[in-house]
Amino acid sequence: MALHSTVFPFVGGLTSSPRTPSVKFGHRTARAPGISCPPLVLPPRLHVQGKAISRDGLPETKDSSLVVCFGEMLIDFVPTISGLSLADAPAFKKAPGGAPANVAVGIARLGGSSAFIGKVGEDEFGYMLADILKENNVNNQGMRFDPGARTALAFVTLRNDGEREFMFYRNPSADMLLKEAELDFDLIRKAKVLHYGSISLITEPCKSAHIAAAKAAKDAGVVLSFDPNLRLPLWPSADSAREGIMSIWNMADIVKISEEEISFLTKGEDPYDDAVVRKFFHPNLKLLLVTEGPDGCRYYTKEFSGRVKAFKVDPVDTTGAGDAFVAGVLSHVASDFSLIQDEDRLRDALKFANACGALSVTQRGAIPSLPTREAVLNTILKSVA
């Protein structure tokens with residue numbers, strides 16, 4: 001669907017730390033459509049803060065706990081008033097989003113090491129998103145810019161309870177056009193975890209790039225983390241969505257899935273029935289997590305299973321809740337993968353992740369709402385006081 005030249009009254013802006021740049025990049029290179037882009041030439045305005053800088057001007061990452069997030073990054077337009085249709089909303093706040101990018105920023109904000117691989121348009125929104133990754137200490141050396149396609153946009157309808165619906169503008173958007181030849185395989189192979197969703201499986205060439213990235217990571221001994229993050233309107237049909245999601249299911253070491261997604265994938269079976277959930281296990285799977293929104297989450301391994309309660313909050317916008325939860329989980333798993341074999345330590349990690357998700361729903365927008373480690377720990381302490 002084409003996006004026409006309409007002016008929207010955007011309210012508010014993104015909150016970030018004051019810019020005191022250590023490094024500035026003074027140029028960018030435009031590329032002809034259809035030509036792959038090897039090493040990233042960063043656009044102007046990119047600033048690096050708070051991290052050691054390597055010789056190529058990128059933040060140094062700690063390979064032992066690096067989480068590389070693969071997939072889409074886009075702009076969410078969130079209504080300033082909940083409970084109204086998109087047509088009736090008086091104004092929208094623009095917020096950076098895209099599930100894999102949300103997770104990358106979430107991990108960095110929790111003090112972890114993360115990188116993002118994906119494609120945006122060579123446009124102002126694309127440059128803004130690249131800048132935001134840098135400001136949040138996310139390594140973006142795997143990011144690519146497409147001169148022939150725009151950065152994806154999503155308009156989000158917020159119900160009064162904070163739940164949301166999406167309307168996407170991508171026909172095609174730049175994230176759909178990432179090619180295998182544009183992948184930074186060195187970055188992928190040195191990760192501890194490669195995290196991805198299913199949106200990048202919908203169309204070529206991104207589908208082939210996704211599969212190649214996952215295969216390279218698997219061959220290098222990298223832990224694979226999968227969150228289907230079902231967005232049914234983006235798929236040609238419900239059957240194609242089920243087929244696409246399940247086509248890579250058996251590769252993952254960790255899967256996070258919602259109760260609604262279980263019902264969808266099983267065509268209506270009970271997501272609260274452990275026998276139904278166990279059907280999703282395969283020989284490679286180490287940890288299956290089922291999120292239940294305000295009720296918390298369930299966990300399943302080959303040896304044990306259980307439930308961890310959520311933190312009670314008043315929801316404003318649930319857009320980034322699942323991604324904040326995943327960031328909380330992976331920030332622990334990347335530091336010590338063995339914790340998934342110790343139920344007490346796993347429960348502690350999931351309690352932390354639930355606090356991440358709870359805090360994220362108290363603000364509008366996905367990336368702007370992702371919490372810091374300090375905020376999460378304070379929330380946990382208050383709950384036991």
Side-chain angles (χ1 to χ4, degrees), residues 13-22 46-52 58-62 65-76 78 93 95-118 128-143 191-193 195 197 225 227 229 256 311 313 316-335 349-381:
L14 299 174
T15 302
S16 62
S17 55
R19 297 187 180 185
T20 311
S22 303
L46 288 189
H47 314 294
V48 180
Q49 305 179 56
K51 282 252 184 176
L58 295 164
E60 291 180 354
T61 53
K62 302 173 184 178
S65 62
L66 174 65
V67 179
V68 174
C69 299
F70 174 95
E72 69 279 1
M73 190 173 191
L74 47 83
I75 303 291
D76 288 328
V78 184
K93 176 182 177 181
N102 296 343
V103 173
V105 173
I107 290 168
R109 207 166 280 177
L110 293 169
S113 176
S114 65
F116 174 74
I117 291 178
M128 184 190 92
L129 293 175
D131 202 2
I132 286 167
L133 289 180
K134 283 296 179 185
E135 289 172 354
N136 284 279
N137 290 322
V138 176
N139 182 321
N140 74 355
Q141 72 184 60
M143 199 170 186
K192 179 69 171 288
V193 178
H195 175 72
S225 168
D227 175 3
N229 190 38
K256 174 264 178 190
F311 293 80
V313 295
V316 173
D317 178 6
T318 63
T319 303
D323 302 325
F325 173 86
V326 171
V329 172
L330 295 184
S331 67
H332 282 76
V333 168
S335 297
L350 295 177
K351 185 176 183 179
F352 182 92
N354 279 348
C356 292
L359 286 171
S360 75
V361 306
T362 61
Q363 298 182 52
R364 295 181 188 274
I367 286 179
S369 70
L370 294 167
T372 63
R373 182 176 182 82
E374 181 181 9
V376 174
L377 294 177
N378 285 339
T379 297
I380 294 173
L381 285 173

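- Here I132 contributes atom CD1 and I75 contributes atom CD1; the two are 6.0 Å apart, rounded to the nearest 0.5 Å.
- Contact record, A353 with V329: CB-CG2, 3.6 Å, taken as the closest heavy-atom pair.
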TODO: Please test I107 against H195 for side-chain contact (heavy atoms from CB on, under 4.5 Å), starting from the C-alpha separation and ending with a verdict.
DONE: CA-CA 11 Å; I107 290 168; H195 175 72; over 6 Å; no
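- Here N102 contributes atom CG and T319 contributes atom OG1; the two are 9.0 Å apart, rounded to the nearest 0.5 Å.
- Using a 4.5 Å cut-off on side-chain heavy atoms (C-beta onward), K93 and D317 make no contact.
- By the 4.5 Å heavy-atom criterion applied to side chains, V103 and F116 are not counted as neighbours.
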- [ ] Take F352 and L377, measure what side-chain contact (heavy atoms from CB on, under 4.5 Å) needs, and give me the verdict at the end.
- [x] CA-CA 8 Å; F352 182 92; L377 294 177; 4.0 Å; yes
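- Here the shortest heavy-atom pairing between A355 and T379 reads CB-CG2, 4.4 Å.
- Without hydrogens or angle criteria, T372 side chain to A375 main chain gives a donor-acceptor distance under 3.5 Å.
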Open item on the list: Show, in sequence, the C-alpha distance, side-chain angles and deciding distance for I367 and M73, and conclude whether the side-chain contact (heavy atoms from CB on, under 4.5 Å) test is met.
Closed with: CA-CA 11 Å; I367 286 179; M73 190 173 191; 4.0 Å; yes
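- A donor-acceptor pair under 3.5 Å is formed between the side chain of N139 and the backbone N or O of Q141.
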Open item on the list: If you apply the rule side-chain contact (heavy atoms from CB on, under 4.5 Å), what do you find for V376 with I380, and how did you get there?
Closed with: CA-CA 6 Å; V376 174; I380 294 173; 4.1 Å; yes
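- One finds the SG atom of C356 at 11.5 Å from the CG atom of D323 (value rounded to the nearest 0.5 Å).
- Looking only at distances, no side-chain donor or acceptor of T362 sits under 3.5 Å from a matching main-chain atom of A358.
- The backbone N or O of V78 sits nowhere less than 3.5 Å from a side-chain atom of D76 that would complete a donor-acceptor pair.
- Proximity of V313 to L359: side-chain heavy atoms (C-beta onward) are nowhere separated by under 4.5 Å.
- Pairing each heavy atom of P100 with each of E72, the nearest pair is CD-OE2, 3.3 Å.
- Atom CE of residue M128 and atom CD of residue E135 lie 9.5 Å apart, to the nearest 0.5 angstrom.
- The closest side-chain heavy-atom distance from S65 to S331 is not below 4.5 Å.
- In this structure a side-chain-to-backbone donor-acceptor pair under 3.5 Å is present from S369 to S360.
- Pairing each heavy atom of L129 with each of P96, the nearest pair is CD2-CB, 3.6 Å.
- Between the CG atom of N140 and the OG atom of S114 there is a distance of 10.5 Å, given to the nearest 0.5 Å.
- Residues satisfying the ring pair (Phe, Tyr, Trp, His ring centres under 6.0 Å) test with F311, not counting sequence neighbours, are none.
- When all heavy atoms of A115 and L66 are compared, the closest pair comes out as N-CD1, 4.0 Å.
- A heavy-atom distance below 4.5 Å is not found between the side chains of P371 and R109.
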